[in-house]
Amino acid sequence: MRRVVVLLALLSVCDGVTFSQLCSGNPNNQRRTSDMWGQGNYGASRQDRLHQGLDIVCNDGATVYAPFDVKLKGQVIVYPNGLKMAINKGIKLEGEGLCFKLFYVEPDKLWGTLRRGERIGTMLPMQSVYPGITSHVHVQMCNKSDPTRYF
Ligand SMILES: *[C@@H]1O[C@H](CO)[C@@H](O)[C@H](O)[C@H]1NC(C)=O
């Protein structure tokens, strides 16, 4: 019986992918809660839809880091209609068996690999588009599932 418990504990540890620090100035991946523009949790309501990612606090111009060893998988366009150009960029990443996107980041490069803690790029000037918002990186899984359990 004890052996089974130990095995289960090991399995659940191996299963537990956790994002390390994503943004300079936010060592604990503090989440955007609520501000005049809305809420940062997955599933929060937006004007015409639900929020499909999790928002991690990140000041404009801050450095964005790889949360674990990742492969860079090319640029993301956040707003296909070409609006909000000041923040209309991001990067697609793979690592730890996960595929995810970071929105509102100017990536240093679009392809290749990075080790955990290395620079992905720079947080874009979100205040210029949403004055008074809690500036943040939006973390979205490629299949739009809830990323909260990885934080
Ligand atoms: C979405 O991706 C996550 C992470 O890879 C995986 O755990 C989950 O089962 C996937 N969900 C669906 C609906 O495909």
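Order of appearance sets the numbers: ligands from 1, and atoms from 1 within every ligand. In this chain, numbering begins with 1 at the start of the sequence shown. Just so you know, these numbers come straight off a predicted model, no measurement behind them.
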Is there a side chain to side chain contact (heavy atoms under 4.5 Å, CB included) between Tyr150 and Thr18? Walk through the geometry before answering.
CA-CA 5 Å; Tyr150 307 120; Thr18 304; over 6 Å; no
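Remark: the backbone N or O of Ile56 is not paired with any side-chain donor or acceptor of Asn26 at under 3.5 angstrom. Checking side-chain atoms of Asp55 against main-chain N and O of Asn41 turns up no donor-acceptor pair under 3.5 Å.
In this structure, atom 9 (O) of ligand 1 has no protein heavy-atom contact shorter than 4.0 Å.
Residue contact check for ligand 1: Tyr150 places a non-hydrogen atom closer than 4.0 Å to it.
At the shortest separation from atom 11 (N) of ligand 1 among protein heavy atoms lies Asn143 ND2, 2.8 Å. The protein non-hydrogen atom at the shortest distance from atom 4 (C) of ligand 1 is Leu98 CD2, 3.5 Å. In this structure, the protein non-hydrogen atom closest to atom 7 (O) of ligand 1 is Arg149 NH2, 3.1 Å.
The only option from Trp37, Tyr104, Tyr130 that meets the ring-ring contact (aromatic ring centres under 6.0 Å, His included) definition with His136 turns out to be Tyr104.
Atom numbering of ligand 1 starts at 1 in the shown order; those under 4.0 Å from a heavy atom of Gly97 are 5 (O).
Ring centers of Phe151 and Tyr42: at least 6.0 Å apart, outside the cut-off.
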